[in-house]
Protein chains: 2
Amino acid sequence: MSTRERIVETALTLFNQQGSGVVSTNHIAAACGISPGNLYYHFRNKEEIIRAIFHQLTRVGAEEYLAINAARPPETAAAVTAMLDTFVMVQRFNWRYRFFKRELTVLLHHDPLLAAEFAEVHRSHRQMVHDAIARSVGEGFIAPLADEELTLFVEELWLIILFWLNYLEVGGEEVNDATLARGNAVLMSALRPHLTAPAREALAAVKTKER
Amino acid sequence: MSTRERIVETALTLFNQQGSGVVSTNHIAAACGISPGNLYYHFRNKEEIIRAIFHQLTRVGAEEYLAINAARPPETAAAVTAMLDTFVMVQRFNWRYRFFKRELTVLLHHDPLLAAEFAEVHRSHRQMVHDAIARSVGEGFIAPLADEELTLFVEELWLIILFWLNYLEVGGEEVNDATLARGNAVLMSALRPHLTAPAREALAAVKTKER
DNA sequence: ACACCGTTAGAGTCTTTACTCTACGCTGTG
DNA sequence: CACAGCGTAGAGTAAAGACTCTAACGGTGT
């Protein structure tokens with residue numbers, strides 16, 4: 001791993017543990033086993049490191065999302081599986097980059113450049129979620145809804161996906177397979193009333209297979 | 001307002017704006033229009049200020065919760081109204097003390113004393129939510145559920161209540177009456193499938209009256 | 001008039017911070 | 001072999017940090 005990559009990785013770890021506010025560039029350099037001068041050779045300042053972390057987040061996130069969702073066949077079981085996989089994927093990202101979402105508003109407030117980049121990414125994420133739900137309605141897995149109801153439903157689902165980890169964190173619960181599975185269950189519990197009959201059967205089938 | 005109270009209030013404002021990591025005691029003192037020495041006369045250190053904010057949060061929060069929920073009559077309309085009022089109340093708290101939830105894990109990590117106090121408060125909050133839902137089931141506003149389903153449902157609702165503000169924040173949306181009302185709508189959308197017929201009517205009545 | 005004490009100011013200390021500067025080694029190329 | 005240039009070390013600087021100390025203020029009781 002290059003020095004630059006090691007700096008980013010170390011900074012991410014320290015930020016997650018202690019918060020980016022109290023972690024100094026000297027800390028990062030020391031934890032990397034390099035000199036401060038070396039760190040500043042690779043990054044002009046701390047904000048640039050944070051932006052590098054954000055760039056990694058978006059790049060890898062987009063790749064993984066596409067890997068799960070781009071080529072899925074238009075089958076009910078595949079749709080349900082893709083949704084569960086996406087949930088797990090988002091949880092993994094929220095965990096890996098947890099300092100980022102925690103400190104989001106403060107970070108954006110301190111770095112207008114980052115704020116602009118984030119706004120763009122957020123817009124496209126929103127679009128992806130909307131498209132995914134619309135596709136599922138079109139394919140007949142989710143019962144048709146009035147526009148207003150659909151919007152609320154999408155927000156409900158997205159909220160659960162986005163904040164399950166924070167919910168665990170606030171509650172002092174550990175993040176592990178069991179608690180992640182519980183998040184999945186909550187999501188399904190919200191989803192169930194809106195599924196069509198075939199989708200409900202497919203879901204039951206997936207569940208049975210898992211055991 | 002006493003100097004001590006002014007320090008707490010000013011610190012809260014600055015923490016919310018800029019994050020507690022980058023706000024120094026000197027900043028707080030300057031913003032208060034007092035000397036650093038004076039600040040340290042009232043508080044031994046920064047952590048003690050944060051704990052004072054937390055104490056205010058819990059004290060006032062408990063008062064307001066009781067004011068809304070303790071004496072409500074066992075009527076369907078009252079139950080629905082109490083739930084909506086509680087939602088609005090929690091949003092107000094999340095907003096007023098927003099730095100606290102944002103930085104929660106980091107704060108708890110840095111101050112074991114605070115961590116212990118918070119664990120206790122969180123336990124009792126969890127209990128309150130559980131009791132409120134159980135009461136509503138008992139009074140016939142919410143359809144009976146299997147234990148497992150009930151747990152998931154409660155978590156779903158509580159998650160929405162806890163994180164609606166963060167959801168707005170992450171999305172770069174302003175917090176105002178319209179966005180708060182939308183949060184209420186999302187909550188209702190999650191609740192509706194589980195309401196009993198009389199509760200659904202009472203809800204419709206409340207909605208009509210609001211217009 | 002005076003002593004007392006909670007409150008305040010503000011200068012001062014020691015540490016840490018972000019960031020700079022200079023110099024040195026290593027590696028590949030003419 | 002020379003030498004260019006990337007990557008690195010580490011001392012150094014100016015500013016800001018948390019926190020301390022001493023002296024004085026101002027209101028109250030005697």
Side-chain angles (χ1 to χ4, degrees), chain A residues 1-56 99-100 102-103 106-115, chain B residues 1-56 99-100 102-103 106-115:
Chain A
M1 191 158 38
S2 73
T3 302
R4 191 190 153 89
E5 286 167 343
R6 260 172 48 227
I7 293 171
V8 170
E9 214 57 34
T10 309
L12 177 57
T13 305
L14 293 179
F15 289 168
N16 281 337
Q17 281 170 1
Q18 312 176 33
S20 71
V22 298
V23 173
S24 74
T25 48
N26 290 6
H27 284 145
I28 300 171
C32 269
I34 64 171
S35 66
N38 192 0
L39 186 147
Y40 277 90
Y41 172 79
H42 291 282
F43 295 95
R44 187 194 294 279
N45 51 39
K46 212 163 113 178
E47 290 173 357
E48 211 173 73
I49 301 178
I50 292 174
R51 278 199 294 273
I53 293 175
F54 175 65
H55 292 154
Q56 188 188 84
F99 94 96
F100 194 82
R102 271 188 210 143
E103 307 179 17
V106 172
L107 294 175
L108 299 187
H109 192 258
H110 275 57
D111 184 353
L113 199 57
L114 183 65
Chain B
M1 191 159 37
S2 72
T3 302
R4 192 191 153 88
E5 286 167 345
R6 262 170 49 227
I7 294 172
V8 170
E9 214 58 33
T10 309
L12 177 57
T13 306
L14 293 179
F15 289 167
N16 281 337
Q17 280 169 2
Q18 312 176 34
S20 70
V22 297
V23 173
S24 73
T25 48
N26 290 6
H27 283 147
I28 300 170
C32 268
I34 64 171
S35 66
N38 193 359
L39 186 146
Y40 276 90
Y41 171 78
H42 290 283
F43 296 95
R44 189 194 293 280
N45 52 40
K46 211 163 111 177
E47 290 173 357
E48 210 172 72
I49 300 178
I50 293 174
R51 277 199 294 272
I53 293 176
F54 175 65
H55 293 154
Q56 187 187 86
F99 94 95
F100 194 83
R102 272 188 209 142
E103 307 179 17
V106 172
L107 294 176
L108 299 187
H109 191 259
H110 275 58
D111 183 355
L113 199 57
L114 183 65

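All chains are named by letter (A, B, ...) in the order of the sequence lines, taking the proteins before the strands, and each is independently numbered beginning at 1. The structure displayed is predicted, hence computed values, not measured ones.
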Counting the atoms with a prime plus P, OP1 and OP2 as sugar-phosphate, which does B:G21 contact under 4.0 Å by heavy atoms, base, sugar-phosphate, or nothing? nothing
Check this one for me: any side-chain N or O of [X] less than 4.0 Å away from OP1 or OP2 of [N]?
X	N	answer
A:H27	C:dA18	no
B:T3	C:dT7	no
B:S24	D:dG17	yes
B:S35	C:dG10	no
A:H42	D:dC6	no
B:N38	C:dT7	no
B:Y41	C:dT8	no
A:T25	C:dA18	yes

Please determine, for the side chain of B:K46, which listed nucleotide (C:dC19, D:dA9, D:dA18) has the closest atom? D:dA18
Name the closest nucleotide to the B:N26 side chain, picking from C:dA9, D:dC19, C:dC19.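 Comparing C:dA9, D:dC19, C:dC19 against the side chain of B:N26, the answer is D:dC19.
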Starting from [atom2] on [N], measure out to [atom1] on [X] and report it in whole angstrom.
X	N	atom1	atom2	result
A:F43	D:dT8	CZ	C1'	15 Å
A:L39	C:dC21	CG	C1'	16 Å
B:E5	C:dT7	CD	C1'	15 Å
A:I50	C:dA18	CD1	P	11 Å
A:Y40	C:dT17	OH	P	11 Å
A:N45	C:dT17	CG	P	16 Å
A:I28	C:dC19	CD1	P	11 Å

Within-4.5 Å side-chain heavy-atom neighbours: [X] and [Y]:
X	Y	result
B:H109	B:V106	no
A:Q56	A:E5	no
B:V22	A:H110	yes
B:F99	B:L107	yes

The side-chain contact (heavy atoms from CB on, under 4.5 Å) partner of B:I7 among B:L12, B:T25, B:I28 is B:I28
